[in-house]
Amino acid sequence: KARDEGLIRHISFSFHDAPENLVRLVDEGIFETVLCQYNLLDRSNEAGIAHAAARGLGVVIMGPVGGGRLGAPSEELQKLMPGRQSSAEVALRFVMSNPNVHCALSGMGTLEMVEENAAVASNASPLSEAEQDRIHRSLDENRRLAELYCTGCNYCMPCPFEVNIPLNFSLMNLHRVYGLTEHAQGQYAAIGTNPWMKGLPASACTECGVCETKCPQKIPIRKQLKETHRELSRP
C-alpha cells in the first residue's frame, strides 16, 4: 500500500530465520532485495543467496566479518588466501567474491577499518576458481573438525547448573579450529556478565554428567568443558 501511494519505491526484507525459509520468502514474488547473514563462519544462507540472485533480487550481506569475530588476527584464516594483509580482508574478499552478493555491510569502529574495507572493496578482481575451491575445501574441513567437538544440536540443554554448553563449545571452536583465540577468550570472559550471553561459563560445571546422557554424539562433555576453561580463561 505504501508503495502504491508513492511513499516508498521498493520492498525488501531482513532475514534471521532457517535457510529454507529464505527460499520461501524469495518465491513469494513481492520482494526486491534481501538482507541476510553470510560469512566464513556461517555459510548456511549460501544456497538461498544464489536462489535470490537468480530470481533477480538484490542481495545485501550483514555480518561479513562475523560481527567482528573475523577481524581478529588468525593464521588459520590467512592461510585460506596467502598474501592477504589481515583476517578481515580475507573475510571481506570471501563475501564480495561471491557473484550472487551485490553489497556487504561491515561495521567499522576506527578510521583504519574504514580505509582497509574501502581498499578491499575497491579491488574489483574476484577470487580465482582455484582460490575459491581451496577456500571451500578448507571451510568444509573446518566444519567437520568443529562438529567433532560439538554439532550445536542443543540436546544437552538445559544444564541443571546453567552452564551454556553449546556457547562454550562454539567459542572453543573459534579458538581451536579457526585460530580466533583472542576473540574467543574475550567472549568467554563475558559469559555470565553480558546480558546477551545467557548461562554460565565452563568453569561452573559440577561434572554431574546429566548432559552426557542426552548427547546423541556421545561427546565427553565434562572433559571438553574442562579443556574449554583451561584454553579460554585468561591468566
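Keep in mind that this is a model prediction, so the values were computed, not measured.
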(message) Nearest 0.5 Å, please: how far is CG in L167 from CE in M197?
(response) 4.5 Å
(message) Quick one about N168 and T228 (side-chain donor to acceptor, distance below 3.5 Å, no hydrogens or angles considered), yes or no?
(response) no
(request) Would you list the pairs meeting ring pair (Phe, Tyr, Trp, His ring centres under 6.0 Å) in which at least one residue belongs to residues 20-50, sequence neighbours left out? (result) F13-F31, Y38-F94
(request) I would like to know whether S14 and H16 meet side-chain hydrogen bond (donor to acceptor under 3.5 Å, both in side chains); could you show each step before the answer? (result) CA-CA 7 Å; S14 178; H16 303 270; 3.2 Å; yes
(request) Please name the pair of heavy atoms, one in P19 and one in S44, separated by the smallest distance, quoted to 0.1 Å. (result) CB-O, 3.4 Å
(message) Assigning hydrophobic clusters by single linkage (Ile, Leu, Val, Met, Phe, Trp, Tyr; side-chain heavy-atom cutoff under 4.5 Å), is F15 placed with I30?
(response) yes
(request) Give a yes or no answer on whether the side chain of N45 reaches the backbone of Q37 with a donor-acceptor pair at less than 3.5 Å. (result) yes
(message) Can you confirm whether the side chains of H136 and S138 place a donor and an acceptor under 3.5 Å from each other?
(response) no
(request) Could you pull out the closest heavy-atom pair between D27 and R55, with the gap in Å? (result) OD1-NH1, 2.6 Å
(request) Determine whether more than 12 heavy atoms belonging to other residues, nucleotides or ligands lie under 6.0 Å from atom NZ of K214. (result) yes
(message) When you group the ILVMFWY residues by side-chain heavy-atom contacts below 4.5 Å and let the links chain together, are I11 and V26 in the same group?
(response) yes
(request) Report yes or no: does N154 contribute a side-chain atom to a donor-acceptor pair with the main-chain N or O of M157 at less than 3.5 Å? (result) no
(message) Donor-acceptor check, side chain of Y149 to backbone of Q224, threshold 3.5 angstrom: yes or no?
(response) yes
(request) Output every pair passing salt bridge (Lys or Arg N to Asp or Glu O under 4.0 Å) with a member in residues 151-172, not counting sequence neighbours, ordered by first then second residue. (result) none
(message) Show the nearest heavy-atom pair for residues N117 and S106, with the distance to one decimal.
(response) ND2-OG, 3.2 Å
(request) Could you grab the distance from atom NE2 of H102 to atom OG1 of T33, nearest 0.5 Å is fine? (result) 10.5 Å
(request) Any chance you could measure L225, atom CG, to S203, atom OG, to the nearest 0.5 Å? (result) 9.5 Å
(message) Between D17 and R24, does any NZ, NE, NH1 or NH2 come within less than 4.0 Å of an OD or OE carboxylate oxygen?
(response) no
(message) Apply side-chain contact (heavy atoms from CB on, under 4.5 Å) to residues R3 and R9 and explain how you reach the verdict.
(response) CA-CA 6 Å; R3 184 173 60 183; R9 289 188 295 168; 5.9 Å; no
(message) Between Y155 and C215, is the side-chain contact (heavy atoms from CB on, under 4.5 Å) condition met? List the steps.
(response) CA-CA 6 Å; Y155 287 147; C215 178; over 6 Å; no
(message) Between Y178 and N142, is the side-chain contact (heavy atoms from CB on, under 4.5 Å) condition met? List the steps.
(response) CA-CA 7 Å; Y178 297 96; N142 284 351; 3.7 Å; yes
(message) Has S122 got a side-chain atom pairing as donor or acceptor with A118's backbone, closer than 3.5 angstrom?
(response) yes
(message) Quick check on the hydrophobic clustering: are V90 and V114 connected, directly or via other members, by side-chain heavy-atom contacts under 4.5 Å?
(response) no
(message) Hydrophobic cluster membership, with links at side-chain heavy-atom distances under 4.5 Å among I/L/V/M/F/W/Y: are L171 and L145 in one?
(response) yes
(request) Give, for atom CG of L200 and atom CG of N164, the distance between the pair rounded to the nearest 0.5 Å. (result) 8.5 Å
(message) Side chains of Y188 and H175: any donor to acceptor distance under 3.5 Å?
(response) no
(request) Hey, could you give me the CD1/SG distance between I221 and C205, rounded to the nearest 0.5 Å? (result) 9.0 Å
(message) Before you tell me yes or no, could you show the steps for V101 and V60 under side-chain contact (heavy atoms from CB on, under 4.5 Å), namely the whole-Å CA-CA distance, both residues' side-chain angles and the distance that decides it to 0.1 Å?
(response) CA-CA 6 Å; V101 170; V60 182; over 6 Å; no
(request) Starting at CG of L111, measure out to CE of M113 and round the result to the nearest 0.5 Å. (result) 11.0 Å
(request) Ignoring hydrogens and angles, tell me if any N or O in the side chain of N39 forms a donor-acceptor pair with the backbone of V65 under 3.5 Å. (result) no
(message) Check this for me: does any side-chain nitrogen of one of D140 and R143 sit under 4.0 Å from a carboxylate oxygen of the other?
(response) yes
(request) Please name all residues satisfying salt bridge (charged side-chain N to carboxylate O under 4.0 Å, His left out) with R134, sequence neighbours left out, ordered by chain then number. (result) none
(request) Kindly say whether C150 contributes a backbone atom to a donor-acceptor pair with the side chain of Q217 at under 3.5 angstrom? (result) no
(message) Can you list everything that forms a side chain to side chain donor-acceptor pair (under 3.5 Å) with K226? Sequence neighbours excluded, please.
(response) E207
(request) Would you name the heavy atoms of A53 and V59 that are closest together and state the gap between them? (result) N-CG2, 4.1 Å
(message) For residues I219 and I165: do they belong to one hydrophobic cluster (side chain heavy atoms under 4.5 Å, members Ile, Leu, Val, Met, Phe, Trp, Tyr)?
(response) yes
(request) Of all the heavy-atom pairs spanning A104 and M96, show the shortest one and how long it is. (result) CB-CG, 4.3 Å
(message) Assess whether a salt bridge exists between R144 and E141, defined as any Lys/Arg side-chain N lying under 4.0 Å from an Asp/Glu carboxylate O.
(response) yes
(request) Search all heavy atoms of P220 against all heavy atoms of E212 and return the closest pair with its distance. (result) C-OE2, 3.6 Å
(message) Once salt bridge (Lys or Arg N to Asp or Glu O under 4.0 Å) is applied, what residue pairs with a partner in residues 165-186 remain, sequence neighbours excluded?
(response) R176-E227
(message) Can you pull out every ring pair (Phe, Tyr, Trp, His ring centres under 6.0 Å) where at least one residue sits in residues 42-63? Sequence neighbours excluded, please.
(response) none
